[in-house]
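Please read all numbers here as calculations on a predicted model, not as lab measurements. A note on names: the letters A, B, ... follow the listed sequences, proteins ahead of strands, and every chain is numbered from 1. All values below come from the heavy atoms of this structure, side chains included, with hydrogens, waters and symmetry mates left out.
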Protein chains: 2
Amino acid sequence: MVKVKEIAAAVGVSPSVVSAVLNGSRHVRMSEATRAQVLAKIEELGYTANFAARSLRTSRSGVLAVVAPKLSNPVFAPMFDGIHDAAEESGYVIMLAEATRLVDGSRMLERILGHGQVDGTILRPSSGIDSAGVRSVFRGQAPIVVLDEVPDLAQPWLAIDDVAAGRVATEHLLERGHTRIGYLGGWFHAHATFQPLEGFRHNNLRRLDGYQAALSAAGIEPRTDYVIETDYTAHAGREAVKQLTALRDRPTAIVVNNATTSIGLVGGAIAAGLRVPDDLAVIAIHDIDMLSEVSPAISAVRMPMYELGYTGTKLAAKAIDGETFESYVIKDPPPHILHRETT
Amino acid sequence: MVKVKEIAAAVGVSPSVVSAVLNGSRHVRMSEATRAQVLAKIEELGYTANFAARSLRTSRSGVLAVVAPKLSNPVFAPMFDGIHDAAEESGYVIMLAEATRLVDGSRMLERILGHGQVDGTILRPSSGIDSAGVRSVFRGQAPIVVLDEVPDLAQPWLAIDDVAAGRVATEHLLERGHTRIGYLGGWFHAHATFQPLEGFRHNNLRRLDGYQAALSAAGIEPRTDYVIETDYTAHAGREAVKQLTALRDRPTAIVVNNATTSIGLVGGAIAAGLRVPDDLAVIAIHDIDMLSEVSPAISAVRMPMYELGYTGTKLAAKAIDGETFESYVIKDPPPHILHRETT
DNA sequence: CTGAAAGCGCTTACAG
DNA sequence: CTGAAAGCGCTTACAG
């Protein structure tokens, strides 16, 4: 393995100069010719930096830990894209972990908690995530940026506008003449696998706020039996159809706060002989590719998940550099209705 | 930050002893009482190892790079679970990268290529992945395990039994009386975004082999116009319906070599007024949760993706330790038919 | 058997 | 302005 010292010897300069070339440091001055020679030698000998040595010296690892509830949830795909793009731009590499895997003694948790292995952590909390492992994350040394609204937490956060999402989805149904509008959503209450972080009003509840606000604004009294609590699976959507059809004056339209669940709901409704949207209109919060490919294609509210990931990561990079910033809700772009076949 | 030296001083032993306790090294002997004291002090002072220093010394980073075509593809979810479980067991932490992000100069690629940052790489090749970036991966210093069949490549590999998958899916349709059976699959040919690695016969082609073998065994002449080339999206499945219905003596059943595409295909068929399975039967290769939740629920062949990830990672850990192993196709568990509503 | 000392490969404060 | 030297925090070969 070729090292700085060898490059230096080959060119006939000191290691300091090579290091300066490598890091673009202005501290050490050198002629343009020397710089070019060093660069050529680096190329020629195929030098690659030893990050362990560099980390030890600089106490920066260049690693960002990203903790999310479920990596395979398609809703997060654009968020991860945003995280990756911003990380690359800022010179970081990403270590991904699922919250449920952050059990006591896990290697990943060890790295997050340890010193110098991870420069910062980006945490997307959610149902099932607020485990002992996630709580431990807050004991870590490095800055944390939370990608959801957690006003009471000491850590800075960034969030999408969940209240607006719930409101806009409900307004879309109101505009189509519906008055009996239900709401299907993941975990509103504490739960075996969902112990909310302090100060964390779950995004499901914020979307529910928006839903209720839209109904109230339209002069409609929200009915508690129209609000059905589920988990986040497609299966839960399918199962919910039974509860819905059993209802007196059942809703003619549903806001579903999860894209995956909306697929199960529509599937279950069709299997139960309901026509969609004639017997039951459905709109999902969050858009995923598949919603436009199933039949009928499912209407959805697109949320700025890419921006959430991108901006959150940029803010994390700032936090690592010691800058502070105000937590805020992303208002731009606003939630956007994708009107398809289920409404 | 507390360090080994401080623990040693606090207990009154040398750093060597603390290090030995930390690493369970038998080299340095000590009394059980000393060991207990050291452990207690580590706990008390909240010592966490500095991985950069450890890496520099041992030239092991404890990091495994995982490169896959698309992290959000639900087909890979169980594979990643297997990788995570095995990594945790073997003491590694995972760095995930999408192949398309491994462009020249990317940080992740730099780490893979560099020395000592990544102990090994697990590469799942596929369409669109065999970019210049992926080729560069093979220039890396650390061992690579490829999670697909690449007989001509120097690197060891591990694969699921794609030929059997194609065969079993086709037999399932034959058993239901179909004789006009089509095949819908991603990229069979080289392509702007798919430049196959040397010696890499794409898994799509291997599945196609199984499909053709099953037809031949049943005395049916495979028709080339029944084989439709698509990409991996749900959208491609939806579009393929047009090609299918335009066909003379169109197929009455289709093997789709991708779960996501099968959702689009069924959606498109229904939108085109075809009854599924009466007018068109569909079976997908690879099972994902959603296939059982859409309506009609889509039949599928379940492949041992968890095992692929788990065993592949264990083999990577072995390779890092200098052991060699024979590449092989996972025969157990065999492909398993999940008979649902589309067949 | 145990502790002191060397050294992994960098970067940067410091002396010349 | 430039190079030599120190030191980041570990682990382990070595001397005692």
With P as the reference atom in both, quote the distance from dG16(C) to dG7(D) in angstrom, rounded to an integer.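 After rounding to an integer number of Å, I get 15 Å for this pair.
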Do you know the tightest heavy-atom contact between S55(A) and A52(B)?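 Minimum heavy-atom contact is CB-CB, 3.5 Å.
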What are the two closest non-hydrogen atoms of A159(B) and E149(B), and how far apart are they?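 Here A159(B) and E149(B) meet closest at CB-N, 3.6 Å.
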In whole angstrom, what separates [X]'s [atom1] from [N]'s [atom2]?
X: L56(A); N: dG7(D); atom1: CG; atom2: P; value: 14 Å
X: Q117(B); N: dG9(C); atom1: CD; atom2: P; value: 13 Å
X: R57(A); N: dA6(D); atom1: CZ; atom2: C1'; value: 8 Å
X: I7(A); N: dT11(C); atom1: CD1; atom2: P; value: 12 Å
X: K5(B); N: dA4(C); atom1: NZ; atom2: C1'; value: 12 Å
X: F51(A); N: dT11(C); atom1: CZ; atom2: P; value: 10 Å

Earlier contact from the 5' end, DNA chain C, for S14(B) and T58(B):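 Final value for this comparison: S14(B).
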Step by step, work out the side chain to side chain donor-acceptor pair (under 3.5 Å) result for Y306(A) and D85(A). CA-CA 10 Å; Y306(A) 179 91; D85(A) 287 347; 2.5 Å; yes
Can any side-chain N or O of R107(B) pair as donor or acceptor with the backbone N or O of V93(A) at less than 3.5 Å?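 Between the backbone of V93(A) and the side chain of R107(B) there is no qualifying donor-acceptor contact (under 3.5 Å).
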Please check: side-chain N/O of S106(B) versus main-chain N/O of L102(B), any donor-acceptor pairing under 3.5 Å?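 It does not hold such a pair.
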Decide, yes or no, whether a salt bridge links R101(B) with D81(A) under the criterion of side-chain N to carboxylate O below 4.0 Å.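 Yes, R101(B) and D81(A) are salt-bridged.
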Is it true that E89(A) and K314(A) have a side-chain N and a carboxylate O under 4.0 angstrom from each other?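 Salt bridge between E89(A) and K314(A), a charged N being under 4.0 Å from a carboxylate O: yes.
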Does R54(B) make a side-chain N or O approach to OP1 or OP2 of dT11(D) shorter than 4.0 Å?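 For R54(B), the contact criterion (side-chain N or O under 4.0 Å from OP1 or OP2 of dT11(D)) is met.
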Counting only side-chain nitrogens and oxygens, does N23(B) get under 4.0 Å of the OP1 or OP2 atom of dT11(D)?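 For dT11(D), OP1/OP2 do have a side-chain N/O of N23(B) under 4.0 Å.
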How would DNA chain D look in dot-bracket form, 5' to 3', counting Watson-Crick and G-U wobble pairs with both distances under 3.5 Å and writing | for bases paired to another strand? |||.||||||||.|||
Candidates dC10(C), dT11(D), dT11(C) - which lies nearest the side chain of K3(A):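 The answer is dC10(C), which lies nearest to the side chain.
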Which of the following nucleotides, dT12(D), dT11(D), dC10(D), is nearest to the side chain of S16(B)?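 Selected nucleotide: dT12(D).
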